[in-house]
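Values below: every heavy atom of this structure, side chains too, minus hydrogens, waters and symmetry copies.
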Amino acid sequence: RKEVEQDPGPFNVPEGATVAFNCTYSNSASQSFFWYRQDCRKEPKLLMSVYSSGNEDGRFTAQLNRASQYISLLIRDSKLSDSATYLCVSSPGGFKTIFGAGTRLFVKA
Amino acid sequence: DTAVSQTPKYLVTQMGNDKSIKCEQNLGHDTMYWYKQDSKKFLKIMFSYNNKELIINETVPNRFSPKSPDKAHLNLHINSLELGDSAVYFCASSRDPNQPQHFGDGTRLSIL
């Protein structure tokens with residue numbers, strides 16, 4: 001089993017749609033979680049950190065479920081510019097960072 | 001002001017050559033990383049340094065040798081390049097391992 005697993009997609013959604021991604025992690029000792037966004041041929045960029053209480057930033061909401069060991073990302077009112085690959089990240093400690101393989105999102109007009 | 005800068009951006013070279021990629025961060029971060037992203041787009045950590053000390057070496061061949069002359073720099077030297085080394089290499093830094101990472105814009109390495 002991979003340490004961080006994501007549905008690779010692609011998710012094809014129309015503008016204005018709501019889309020959700022889930023990501024599971026295997027190491028129950030993981031303390032820090034993040035969502036990154038990566039555009040084609042670009043570097044990953046932090047989208048948001050994921051806290052136990054969940055957090056929201058505009059159209060984006062991230063949730064953490066420790067009991068089931070998954071994190072989620074919800075994007076509301078999708079824009080064309082949201083098209084990208086979304087990377088789930090878990091830090092199990094010991095300076096280790098595990099990236100998921102990414103979920104591709106295409107938002108269409 | 002580029003927070004994490006890598007050079008060169010593109011590197012095309014022949015099998016068997018030795019090459020280096022440089023990375024510098026001006027964020028004052030203590031932790032720096034090297035990642036490899038292959039053609040399948042999977043981003044895999046290679047090395048992690050904290051305060052110039054090697055912390056993680058993720059089963060990377062010893063042809064890859066990182067060097068951190070100071071906290072702001074983490075360079076990657078690769079000996080005897082092989083076809084399978086073709087990938088995008090990303091440098092990153094963070095305040096500490098539990099904080100978000102800032103990435104350089106990558107070095108695209110192509111082996112002929």
Tell me, with the steps shown, if Lys2(A) and Phe42(B) meet side chain to side chain contact (heavy atoms under 4.5 Å, CB included). CA-CA 12 Å; Lys2(A) 290 180 185 172; Phe42(B) 189 62; 5.7 Å; no
Tell me the closest heavy-atom pair linking [X] and [Y], and the distance in Å.
{"X": "Pro97(B)", "Y": "Ser91(A)", "answer": "O-OG, 3.7 Å"}
{"X": "Gln99(B)", "Y": "Phe34(A)", "answer": "C-CZ, 3.7 Å"}
{"X": "Arg108(B)", "Y": "Lys42(A)", "answer": "NH2-N, 4.1 Å"}

Checking Phe33(A) against chain B: side chain, backbone, both or neither under 4.5 Å from a heavy atom? neither
Region of Lys45(A) in contact with chain B, defined by heavy-atom distances below 4.5 Å: neither
Measuring heavy-atom distances to chain A, does [X] have an atom under 4.5 Å in its side chain, in its backbone, in both, or in neither?
{"X": "Gln101(B)", "value": "both"}
{"X": "Ile45(B)", "value": "side chain"}
{"X": "Tyr35(B)", "value": "side chain"}

Among the clusters formed by ILVMFWY side chains lying less than 4.5 Å apart, do Leu64(A) and Leu74(A) turn up in the same one? no
Is there a chain of hydrophobic side chains (I, L, V, M, F, W, Y, each step under 4.5 Å between heavy atoms) that links Met48(A) to Val19(A)? yes
Measuring only between side-chain heavy atoms, which start at C-beta, is Phe90(B) closer than 4.5 Å to Gln38(A)? yes
Interface residue of largest heavy-atom contact number with chain B, from Ser32(A), Pro44(A), Gly100(A), Ser49(A), under 4.5 Å: Pro44(A)
Here the gap from Thr97(A) atom OG1 to Lys44(B) atom NZ, rounded to the nearest 0.5 Å, amounts to 14.0 Å
Whether over 12 other heavy atoms sit under 6.0 Å from Arg59(A) CZ: yes
Within 6.0 Å of CZ in Arg37(A), more than 12 heavy atoms from elsewhere: yes
